[in-house]
Amino acid sequence: MSMETTLQNALQQAFKELFNLEVTEVELQPTRKEFEGSHTFVMFSFLKAVRKRPDELGQMLGDYLTQNTNVVSGYNVANKGFLNISIADKVWIDTFGNLAQNNEYGKLPHKNQKVMVEYSSPNTNKPLHLGHLRNNFLGYSVAQILEAAGYDVVKANLVNDRGVHICKSMLAYQKFGEGETPESSGIKGDHLIGKYYVEFDKQMKKQVTPIIAKIAKNEFSLFTDEEVTNIRNYQNKIAKINEEIRNEQAKLPALKGQLLASFDADFQELFTNWEASLTYSSDFKKYIDNQSFTKKQQPLIKLIRRIIKLYNSIAKEDGNIKQIANNKTPLMNEVVEMLQKWEAKDPETVALWQKMNGWVYEGFDATYKAIGVDFDQMYYESETYLLGKDIIKDGLDKDLFYTKPDGSVWAKLPKEVSDNDKILLRSNGTSVYMTQDLGTADKKYEDHAISKSIYVIGNEQDYHCKVLFQILKDLDRPYADGLYHLSYGMVDLPTGKMKSREGTVIDADDLLEEVKETARKRTDDLGKLDGMSDAEKIEIYRIIALGALKYTLLRVDPKKRMLFDKESSVDFQGDAGPFVQMNYVRTRSILRKAAEMGISTNEPWAVSDLHVMEKELIKLLLQYEAVVEEAGYEYNPSFVAQYAYDLARTYSQFFAECPILKMDDGSAASIERRKFRIALSTKTGELIKKALGLLGIEVPERM
RNA sequence: GGUUCCAUAGCUCAACUGGAUAGAGCAACUGCCUUCUAAGCAGUAGGUUGAUGGUUCGAGUCCAUCUGGAAUCACCA
């Protein structure tokens with residue numbers, strides 16, 4: 001029985017014997033550092049029931065624990081309600097003794113449940129970027145954690161290898177590629193395809209300009225009636241916004257005259273530039289966001305913000321119009337044609353598609369290998385996009401779906417989920433993304449009989465997943481209750497959101513190379529790898545670089561959006577991957593040195609008291625399984641990252657304060673202490689390695 | 001406009017689900033390498049948890065309103 005359950009049971013017993021009170025749940029929390037003790041029982045909620053003052057109840061419970069258990073060595077009552085309990089050193093030592101011999105520690109009992117983690121799920125029209133890295137690291141880590149928590153895990157990847165976006169790259173390649181290949185160009189396959197995707201966008205922009213000009217002149221001959229109404233709607237919105245802008249701008253001169261002088265020179269310059277052009281200015285906006293202002297200055301700031309926001313809204317509406325115009329370009333027509341050919345299995349189109357996808361897969365495989373993630377099951381949308389049509393019939397039979405007069409099929413959705421029903425079959429009989437996902441969900445279950453299915457998808461698809469899960473639930477799918485959307489936040493850059501069109505995307509391959517280079521420089525500066533072969537060194541740079549990168553992306557709560565600054569985010573110091581790795585390396589170094597000195601590293605010890613840092617270490621070591629369980633339950637690797645860091649930091653303090661090998665002063669006690677500390681180091685190293693392993697981070701033997 | 005999420009130290013993030021004096025790292029400043037790896041250790045400084053009310057023994061956490069930010073709401077994928 002663990003210390004914790006011993007205490008909990010004893011406390012329940014105490015309430016029963018002393019007050020005849022049945023207490024169902026006793027929660028203990030770690031004692032804060034500034035107080036004596038390790039476990040704290042919060043008594044507030046029980047004070048009324050037993051009609052005691054905190055110090056009285058504390059004393060009664062404390063005495064009871066001391067007398068009726070053999071683990072408690074003392075207690076104190078603090079801040080009128082906190083009972084801090086101290087555990088005897090001997091108990092800590094014995095518990096660690098058991099732990100040290102348990103090689104299975106950290107592997108939780110088998111749960112006999114199969115769970116699928118779908119992650120990565122890339123498009124085959126451009127290379128992986130920073131956002132994908134967060135996804136991949138998260139998915140892989142969650143899979144490792146669930147496995148440690150006792151599940152059977154299937155790692156799945158659903159590749160989006162068909163559709164309009166793929167045809168864009170294909171068409172551009174066909175037109176401008178001149179037979180270029182990854183071999184002939186020396187460009188990695190996925191990057192080569194990405195190049196043509198960008199090229200398509202460029203060419204289409206050229207074609208769309210005259211169409212936009214026509215719209216501006218109210219020439220609508222190209223468009224259907226419906227499109228014209230939509231465009232008119234957008235134009236009306238823009239007109240309204242413009243009017244608002246005029247209203248707001250009218251207030252500008254007065255405020256400016258009153259307040260501008262109170263701002264610093266930088267601001268005044270930016271303001272003047274902005275006022276002269278009066279458009280959306282991301283520079284100015286960023287400056288304002290990062291600056292603090294006095295209460296007096298706020299009115300002007302608020303007005304500026306308002307105007308900038310309005311310009312931003314115009315840009316959005318403009319984008320909508322552009323979207324419609326895009327579809328009228330000759331290039332887009334060709335794309336649609338190509339997609340139809342592909343769906344009709346036209347040999348030439350399919351051959352091109354296969355060739356280009358092949359290049360992308362080679363590229364992806366290289367990246368996956370480089371970042372250390374893998375999959376047990378690949379799904380391809382080209383094979384799954386027709387799935388889900390059987391479900392339509394099922395839904396119609398169950399009266400969950402209905403058909404509109406034009407032939408389109410819709411799913412009814414409850415008000416809590418969505419105000420609108422969801423279309424599943426277009427009036428022309430083709431299916432949409434949702435239909436396909438429904439079918440794929442069935443397929444996953446048929447293939448693997450999974451009881452849980454985790455979708456690692458960005459939070460911009462919250463709505464999509466909510467609707468998907470609701471429909472599956474309504475359809476009474478047996479796996480419906482096990483569906484979970486692991487919704488993670490976007491990765492922001494200091495310059496704002498990543499946008500491929502503005503060239504602000506951080507490419508995964510490039511980033512990895514840069515981090516490796518940083519790792520190389522730092523490592524070489526420290527000079528600890530002198531005398532190793534180049535191959536050995538490169539391997540260590542790789543491990544450190546990936547450790548740094550994965551740790552920065554995983555230490556943050558997945559649900560939250562996070563900021564990634566290339567210059568400063570990938571830390572090597574402090575709360576960072578390499579710091580944790582370094583402490584593993586220290587434990588290994590201790591063992592190596594011990595062997596050199598001819599000291600056996602695997603012997604029983606006899607110590608009877610503990611140094612503070614020894615006790616802190618043992619406390620942490622005992623928490624590992626609970627952390628795995630919790631991280632698995634919440635699908636949250638950041639708990640593991642936090643734990644790994646705590647363990648490393650505690651070891652680092654222990655390492656600085658407590659001599660290990662130098663312990664020996666010839667006395668028997670010192671030799672026992674040395675054996676004990678070596679065992680502590682060994683176990684700590686083991687658990688650091690395991691914890692980092694759950695994050696997909698490797699450890700070097702030296703660094 | 002509707003819905004959902006977010007706001008904590010100069011910066012990046014925590015806070016065991018309502019508990020004690022809100023904690024780490026980075027950046028700044030002070031010490032510590034002739035002894036087990038200094039990518040380190042010890043210390044100083046840094047906070048009206050966006051604002052205002054409320055709920056109670058107790059609120060960063062729950063509720064209401066406001067301010068600011070993000071995502072989403074397609075016969076796109």
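Because the structure is a prediction, the values reported are computed rather than measured. So you know, we letter chains A, B, ... as the sequences are listed, proteins then strands, and number each from 1.
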Closest approach to the side chain of D557(A), judged atom by atom: which nucleotide of U12(B), A14(B), U35(B) is it?
A14(B)

Can you name the salt bridge (Lys or Arg N to Asp or Glu O under 4.0 Å) partners of R555(A), sequence neighbours left out?
D575(A)

Hey, is U34(B) sitting syn or anti, using the within-90° cutoff around 0?
anti

In this structure, how many angstroms lie between the P atom of A77(B) and the CG atom of L386(A), rounded?
13 Å

Quick note, P578(A) side chain, CB onward, closest among C76(B), C16(B), A39(B) is A39(B)

Can you sort out the partners of E460(A) under salt bridge (Lys or Arg N to Asp or Glu O under 4.0 Å), two or more places apart, ordered by chain and number?
none

When you check the side-chain N and O atoms of Y379(A) and S121(A), is any donor under 3.5 Å from an acceptor?
no

When you measure from the centre of the six-membered ring of Y385(A), is the NZ or CZ of R162(A) closer than 6.0 Å and no more than 45° off the axis?
yes

Regarding S169(A) and N125(A), is there a side-chain donor-to-acceptor distance under 3.5 Å anywhere?
no

C62(B) to U30(B) separation - C1' atoms, rounded to the nearest Å:
44 Å

Please tell me whether T523(A) and Y541(A) have a donor and an acceptor in their side chains that are separated by less than 3.5 angstrom.
no

Please write out the pairs of protein N or O atoms and N or O atoms of nucleotides 42-44 of chain B separated by less than 3.5 Å, giving the distance to one decimal.
{"from": "A42(B)", "atom 1": "OP1", "to": "Q653(A)", "atom 2": "NE2", "distance (Å)": "3.1"}

Take E596(A) and K593(A) through the test salt bridge (charged side-chain N to carboxylate O under 4.0 Å, His left out) and record every step on the way to the result.
CA-CA 5 Å; E596(A) 282 168 22; K593(A) 287 267 157 61; 5.5 Å; no

For the side chain of R649(A), starting at C-beta, report the closest nucleotide among U17(B), A20(B), C41(B).
C41(B)

To the nearest angstrom, how far is E630(A) atom CD from A15(B) atom C1'?
14 Å

With no hydrogens and no angle check, do the side chains of Y75(A) and E36(A) hold a donor and an acceptor under 3.5 Å apart?
no

Under the side-chain hydrogen bond (donor to acceptor under 3.5 Å, both in side chains) rule, collect the residues that match up with N357(A), sequence neighbours excluded.
T124(A)

Sugar-phosphate, base or nothing in reach of F579(A), heavy atoms under 4.0 Å:
sugar-phosphate

Taking atom types as they are modelled, is there a donor-acceptor pair under 3.5 Å from the base of A20(B) to the side chain of T40(A)?
yes

When rounded to the nearest Å, what value does the distance between C1' atoms of C11(B) and A27(B) take?
8 Å

Expressed as a whole number of Å, how far does the P atom of C76(B) sit from that of U67(B)?
37 Å

Consider side-chain contact (heavy atoms from CB on, under 4.5 Å). Of V77(A), N76(A), N79(A), which one does N84(A) pass it with?
N76(A)

Please pick, from A38(B), C75(B), A39(B), the nucleotide with the shortest atom-to-atom distance to any side-chain atom of K528(A).
A39(B)

Per-residue pairing states of RNA chain B in dot-bracket (Watson-Crick or G-U under 3.5 Å; . unpaired, | other strand) read (((((((..((((.....[...)))).(((((.......))))).....(((((..]....))))))))))))....

Proximal nucleotide (of A39(B), C75(B), C36(B)) relative to the F655(A) side chain
C36(B)

For atom P, what is the distance between A45(B) and U8(B), given to the nearest Å?
24 Å

Report which part of the nucleic acid N79(A) touches: base, sugar-phosphate, or nothing (heavy-atom distance under 4.0 Å, all strands).
base

Kindly point out which of A77(B), A39(B), G19(B) is positioned nearest to the side chain of N160(A)?
A77(B)

Minimum-distance nucleotide to M562(A) side chain [options: A24(B), A27(B), C13(B)]
C13(B)

Provide a list of protein-nucleic acid N or O atom pairs under 3.5 angstrom, restricted to nucleotides 71-73 of chain B.
{"from": "C73(B)", "atom 1": "O2'", "to": "N420(A)", "atom 2": "ND2", "distance (Å)": "3.1"}

In 5'-to-3' order, the base (B), backbone-only (S) or no-contact (-) status of each nucleotide in nucleotides 55-62 of chain B, using a 4.0 angstrom heavy-atom cut-off, is --B-----

Proximal nucleotide (of G19(B), A14(B), C75(B)) relative to the V556(A) side chain
A14(B)

With a 4.0 Å cut-off, would you call K466(A) and D462(A) a salt bridge?
no

Applying side-chain hydrogen bond (donor to acceptor under 3.5 Å, both in side chains) to N459(A) and not counting sequence neighbours gives none

For E34(A), all residues meeting salt bridge (Lys or Arg N to Asp or Glu O under 4.0 Å), sequence neighbours excluded:
R32(A)

Do S681(A) side-chain atoms and R677(A) backbone N/O form a donor-acceptor pair below 3.5 Å?
yes

From U12(B), U37(B), A77(B), nucleotide with atom closest to K593(A) side chain
U37(B)

May I ask you to verify whether the side chain of N84(A) and the base of A20(B) hold a donor-acceptor pair under 3.5 Å?
yes

Please evaluate the base of C36(B) for a donor-acceptor partner in the side chain of S589(A) within a cut-off of under 3.5 Å?
no

Enumerate, atom names and distances included, each donor-acceptor pair closer than 3.5 Å involving a side-chain atom of residues 561-568 of chain A, sequence neighbours excluded.
{"from": "R561(A)", "atom 1": "NE", "to": "D492(A)", "atom 2": "OD2", "distance (Å)": "2.8"}
{"from": "R561(A)", "atom 1": "NH2", "to": "D492(A)", "atom 2": "OD1", "distance (Å)": "2.8"}
{"from": "R561(A)", "atom 1": "NH2", "to": "D492(A)", "atom 2": "OD2", "distance (Å)": "2.6"}
{"from": "D565(A)", "atom 1": "OD1", "to": "E567(A)", "atom 2": "N", "distance (Å)": "3.1"}
{"from": "D565(A)", "atom 1": "OD2", "to": "S568(A)", "atom 2": "OG", "distance (Å)": "3.4"}
{"from": "K566(A)", "atom 1": "NZ", "to": "E514(A)", "atom 2": "OE2", "distance (Å)": "3.3"}

I'd like the P distance from A64(B) over to G23(B), given in whole Å.
29 Å

By salt bridge (Lys or Arg N to Asp or Glu O under 4.0 Å), which residues pair with E227(A), not counting sequence neighbours?
K328(A)

Can you tabulate the close N/O pairs, meaning under 3.5 Å, that link protein atoms to atoms of nucleotides 29-34 of chain B?
none

Are K559(A) and D557(A) within salt-bridge range, i.e. N to O under 4.0 Å?
yes

